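In this text, all values refer to a predicted model and were calculated from it rather than measured experimentally.
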Amino acid sequence: MPEATSAPSSARGFVRAEGARSRAVIGDSEFDRDTAVTRREPGVYTVDLSAGWTIINAVNGGYLLAVLGRALADTLPHPDPFTVTAHYLTASQPGPAVVRTETVRTGRTLSTGQASLFQYDDEGNEIERIRVLASYGDLATLPDDVRTTATPPAIPPLERCYGPDDAPAPVPGSSAIADRLLLKLDPDTLGWALGAPSGRGEMRAWFGLADGRDADPLSLLLAVDALPPTAFEIGLKGWVPTVELTVHVRHRPAPGPLRVAITTRNLAGGFLEEDAEVWDSEDRLVAQSRQLARVRLG
């Protein structure tokens with residue numbers, strides 16, 4: 001890989017590459033089908049967790065958050081997730097699952113609900129995999145006033161970034177989720193792939209869905225948890241399981257690719273935090289997140 005150089009963010013290469021083939025649309029895409037839930041009775045949904053969103057054998061946490069987010073959107077009177085906090089209790093596996101939701105409170109501008117996803121072990125015992133508390137509203141009704149010191153990440157143009165086919169797999173074995181994403185990583189955060197991690201807890205990338213579907217508030221729940229862990233650039237190997245993840249959705253994203261920047265400032269006691277920002281093609285900060293994750297030292 002060539003040495004990374006500073007360049008203004010550009011989406012033009014992404015648009016050209018995607019425009020040459022048929023694009024999926026919101027509501028009719030692989031992501032929509034794989035996060036679809038079926039209401040069996042009020043507050044009870046079934047879902048078949050797709051193996052296409054796994055890392056080795058475990059289902060990706062952002063994909064799971066989108067599944068529960070879709071169930072809550074059906075339960076609550078407001079359409080869009082504003083804040084979602086998830087605690088990951090046990091590793092989810094591909095296959096059947098049950099989601100149970102409960103309305104906690106409804107108001108004029110926000111409604112709050114909780115949801116849990118359950119699977120069954122070999123003896124038929126129910127196991128809770130993930131529990132979520134979330135507040136929903138309507139992003140279309142928010143005022144346009146923005147006062148911020150945040151700035152979009154400086155990521156080189158897409159044609160100068162690198163995807164999963166350009167580097168060794170970060171985790172031995174299969175990573176099916178890579179086939180569902182259009183992920184192009186900033187070369188400045190790819191030292192780990194060359195055996196020379198920078199020591200900085202940073203990861204930056206262009207992000208989209210491989211079938212060309214544009215982002216919406218639910219897919220932002222996936223975007224914050226789809227990049228390789230910042231732990232790789234700190235010099236650690238192996239996967240980094242999420243303990244808790246909170247996402248704030250700030251704006252409905254414009255069509256086009258997203259830019260995701262994730263940083264870690266502190267690894268201590270075998271745990272680290274990852275702070276993520278997601279920016280859309282109009283340079284708007286559309287989502288933020290923080291997660292606590294466990295690392296396997298040694």
Side-chain angles (χ1 to χ4, degrees), residues 1-10 13-14 17 52-63 91 152-208 210 222-243 245 257-279 289-298:
M1 295 177 193
E3 181 179 351
T5 57
S6 177
S9 298
S10 169
F14 185 104
W53 302 89
T54 56
I55 300 168
I56 307 182
N57 295 318
V59 180
N60 171 262
Y63 164 73
I155 302 178
L158 186 122
E159 60 269 18
R160 289 166 53 197
C161 295
Y162 295 88
D165 294 338
D166 301 313
V171 178
S174 64
S175 185
I177 191 173
D179 296 331
R180 322 261 88 74
L181 304 177
L182 197 157
L183 195 64
K184 292 291 185 177
L185 294 161
D186 183 340
D188 268 348
T189 66
L190 270 177
W192 56 271
L194 302 174
S198 67
R200 302 185 303 269
E202 299 177 355
M203 202 67 63
R204 292 183 296 273
W206 294 93
F207 174 88
L222 168 69
V224 299
D225 194 44
L227 272 59
T230 55
F232 292 172
E233 272 297 88
I234 297 175
L236 301 176
K237 297 181 179 180
W239 209 244
V240 182
T242 303
V243 177
L245 171 61
L258 302 172
R259 282 158 291 165
V260 183
I262 305 178
T263 59
T264 291
R265 298 177 58 199
N266 189 53
L267 187 160
F271 292 85
L272 56 77
E273 88 290 343
E274 286 192 344
D275 290 319
E277 292 184 350
V278 183
W279 294 78
S289 73
R290 167 167 280 201
Q291 70 169 277
L292 181 69
R294 189 174 73 247
V295 295
R296 296 186 172 94
L297 301 173

Check step by step if side chain to side chain contact (heavy atoms under 4.5 Å, CB included) holds for Leu258 and Trp206.
CA-CA 6 Å; Leu258 302 172; Trp206 294 93; over 6 Å; no
Please identify each residue that fulfils side-chain hydrogen bond (donor to acceptor under 3.5 Å, both in side chains) with [X], with sequence neighbours left out.
{"X": "Thr189", "value": "none"}
{"X": "Glu233", "value": "Ser198"}
{"X": "Arg265", "value": "none"}

Can you find a heavy atom in the side chain of [X] that is under 4.5 Å from one in the side chain of [Y]?
{"X": "Asp179", "Y": "Pro164", "result": "no"}
{"X": "Arg296", "Y": "Pro241", "result": "yes"}
{"X": "Asn60", "Y": "Leu222", "result": "yes"}
{"X": "Pro257", "Y": "Leu158", "result": "no"}
{"X": "Phe232", "Y": "Lys237", "result": "no"}
{"X": "Asp225", "Y": "Thr242", "result": "yes"}
{"X": "Pro229", "Y": "Met203", "result": "no"}

Test of understanding: with side-chain contact (heavy atoms from CB on, under 4.5 Å), list the residues that count as partners of [X], not counting sequence neighbours.
{"X": "Ala261", "value": "Pro153, Arg204"}
{"X": "Ala293", "value": "Val240, Leu272, Gln291"}
{"X": "Asp275", "value": "Thr263, Glu273, Arg290"}

Return the minimal non-hydrogen interatomic distance between [X] and [Y], and the atom names on each side.
{"X": "Leu181", "Y": "Ala226", "result": "CD1-CB, 3.9 Å"}
{"X": "Gly235", "Y": "Pro197", "result": "CA-CG, 3.7 Å"}
{"X": "Ala154", "Y": "Asp186", "result": "O-OD2, 3.8 Å"}
{"X": "Val260", "Y": "Ala223", "result": "CG1-O, 4.1 Å"}
{"X": "Ala205", "Y": "Leu227", "result": "CB-CD2, 3.9 Å"}
{"X": "Lys184", "Y": "Gly163", "result": "CD-N, 3.7 Å"}

For Arg294, give me all partners under salt bridge (Lys or Arg N to Asp or Glu O under 4.0 Å), at least two apart in sequence or on another chain.
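Applying salt bridge (Lys or Arg N to Asp or Glu O under 4.0 Å) to Arg294 gives none.
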Tell me, with the steps shown, if Leu267 and Val295 meet side chain to side chain contact (heavy atoms under 4.5 Å, CB included).
CA-CA 9 Å; Leu267 187 160; Val295 295; 4.1 Å; yes
Over 60° means perpendicular and under 30° means parallel, so tell me whether Tyr63 and Trp53 are parallel, tilted or perpendicular.
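Tyr63 vs Trp53 ring planes: parallel.
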When rounded to the nearest 0.5 angstrom, what distance separates OG1 in Thr264 from CZ in Arg200?
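So the gap between those two atoms works out to 13.0 Å.
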Tell me if a side-chain donor or acceptor on Arg180 pairs with a main-chain N or O of Gly52 at a distance below 3.5 Å.
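Answer holds: yes.
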Show, in sequence, the C-alpha distance, side-chain angles and deciding distance for Leu194 and Leu190, and conclude whether the side chain to side chain contact (heavy atoms under 4.5 Å, CB included) test is met.
CA-CA 7 Å; Leu194 302 174; Leu190 270 177; 5.9 Å; no
